[in-house]
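To start, the structure under review is shown below, and the notes come after it.
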Amino acid sequence: MRLNINGQAFTGEWDPAVSLLSILRDDLGLTGTKYGCGEGACGACTVLLDGRAVRSCQTPARQAALAKSITTVEGLEQREGALSPVQQAFLEKAAFQCGFCTAGMIVGATALLNEKPQPTPADVRRALAGHICRCGTYNRIVEAVRLAARLKGDATDAAA
């Protein structure tokens, strides 16, 4: 089976029914994606499959192998190790405490901003409704996603 993860090809003899999360963490050492509930309800394991946010704990390897690209939180990093706008905004707004939900929130927010570059606070809440933050930093998370939208917009304007 072949998986394209963060722009790199990985080949392995994985059980087609094993979860993508197990492959990422246990076999490939990409531990940014967290195991939370194991039932797809908390969002800690969110990754992008062809740009769409999915729960990797519920995504079988056979389904992941059909994707053209898989992006984990590690793959969001920009050139030369710079943080992505979403990562930078989460840091600036202190949108996390324990950090357990953060990777999934960042990946989910990235998917939202790719689809809707200027989301309203309601859009952010709706898009991240399936993500659970045990520390309750939801207001700062919404602020961070809105800041990330502005940062992304500024980066796009500067590149033009």
Side-chain angles (χ1 to χ4, degrees), residues 3-10 19-21 23-25 30 32-37 39-79 81-96 99-160:
L3 300 172
N4 179 5
I5 304 168
N6 300 331
Q8 187 176 354
F10 293 90
S19 73
L20 174 58
L21 177 62
I23 294 170
L24 293 172
R25 289 186 61 80
L30 295 170
T33 305
K34 303 298 182 209
Y35 178 91
C37 66
E39 298 177 1
C42 73
C45 68
T46 302
V47 299
L48 301 178
L49 279 186
D50 294 334
R52 191 174 64 84
V54 300
R55 305 298 202 248
S56 63
C57 72
Q58 296 294 297
T59 304
R62 74 176 147 273
Q63 181 182 344
L66 297 174
K68 292 180 185 130
S69 69
I70 300 163
T71 306
T72 68
V73 69
E74 292 94 343
L76 297 178
E77 193 174 276
Q78 305 294 294
R79 290 183 305 256
L83 297 176
S84 75
V86 179
Q87 291 169 318
Q88 184 63 43
F90 266 65
L91 186 62
E92 287 182 27
K93 291 293 183 177
F96 52 89
F100 200 81
C101 72
T102 306
M105 290 275 193
I106 287 173
V107 172
T110 299
L112 168 64
L113 293 176
N114 288 342
E115 187 177 302
K116 189 165 195 158
Q118 295 299 322
T120 66
D123 293 330
V124 175
R125 286 185 185 92
R126 199 171 19 259
L128 298 179
H131 293 261
I132 297 171
C133 174
R134 293 174 177 106
C135 301
T137 63
Y138 294 108
N139 290 334
R140 287 184 287 185
I141 290 166
V142 171
E143 290 174 17
V145 175
R146 302 262 295 150
L147 173 59
R150 290 191 301 278
L151 293 173
K152 267 185 99 169
D154 290 348
T156 303
D157 293 343

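What you see below is based on every heavy atom in this structure, not just the backbone, and it leaves out hydrogens, waters and symmetry mates.
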>> Checking K152 against N114 for the side chain to side chain donor-acceptor pair (under 3.5 Å) test, could you report, in this order, the C-alpha distance in whole Å, the side-chain angles of both residues, the deciding distance, and whether it holds?
In response: CA-CA 10 Å; K152 267 185 99 169; N114 288 342; 2.9 Å; yes
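- Taking all atoms of both residues into account, the shortest heavy-atom contact from G51 to A111 is O-CB, 4.0 Å.
- Y35 contributes atom OH, which lies 8.5 Å from atom OG of S19 (distance to the nearest 0.5 angstrom).
- The two atoms that bring A109 and V145 nearest to each other are CB-CG2, 3.6 Å, heavy atoms only.
- Rounded to the nearest 0.5 angstrom, L3 CG and L24 CG are separated by 8.0 Å.
- For the pair Y138 (side chain) and C133 (backbone), a donor-acceptor distance under 3.5 Å is present.
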> Run the side chain to side chain contact (heavy atoms under 4.5 Å, CB included) check on I141 and F96 step by step: do they pass?
Replying inline: CA-CA 8 Å; I141 290 166; F96 52 89; over 6 Å; no
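- Rounded to the nearest 0.5 Å, atoms NZ (K34) and SG (C42) are 12.0 Å apart.
- When all heavy atoms of L83 and Q78 are compared, the closest pair comes out as O-CG, 3.4 Å.
- When side chains are defined from C-beta on, N4 does not count as touching K68, because their heavy atoms never get closer than 4.5 Å.
- The shortest heavy-atom contact between E39 and C57 is N-SG, 3.8 Å.
- Using a 4.5 Å cut-off on side-chain heavy atoms (C-beta onward), V86 and L76 make no contact.
- Scored by the side-chain hydrogen bond (donor to acceptor under 3.5 Å, both in side chains) test, D50 finds no partners at all (sequence neighbours excluded).
- E115 meets the side-chain hydrogen bond (donor to acceptor under 3.5 Å, both in side chains) test with no other residue; sequence neighbours excluded.
- At least one donor-acceptor pair under 3.5 Å links the side chain of Q87 to the backbone N or O of S84.
- Judged by distance alone, with hydrogens and angles left aside, the side-chain atoms of S56 form no donor-acceptor pair with the main-chain N or O of L20 at under 3.5 Å.
- Annotation: salt bridge (Lys or Arg N to Asp or Glu O under 4.0 Å) contacts of R126 (sequence neighbours excluded): D123.
- Under the 4.5 Å side-chain criterion, counting only non-hydrogen atoms from C-beta, F90 is not in contact with L147.
- The two atoms that bring I132 and C101 nearest to each other are O-CB, 3.3 Å, heavy atoms only.
- In plain terms, the two heavy atoms of R55 and T46 that are nearest each other are NH1-OG1, 3.2 Å.
- Formation of a donor-acceptor pair under 3.5 Å by the R146 side chain with backbone atoms of P119 is found in this model.
- The side-chain heavy atoms of Q8 and I70, taken from C-beta on, include no pair separated by under 4.5 Å.
- A distance-only check finds a donor-acceptor pair linking the side chain of N6 to the backbone of T72 [under 3.5 Å].
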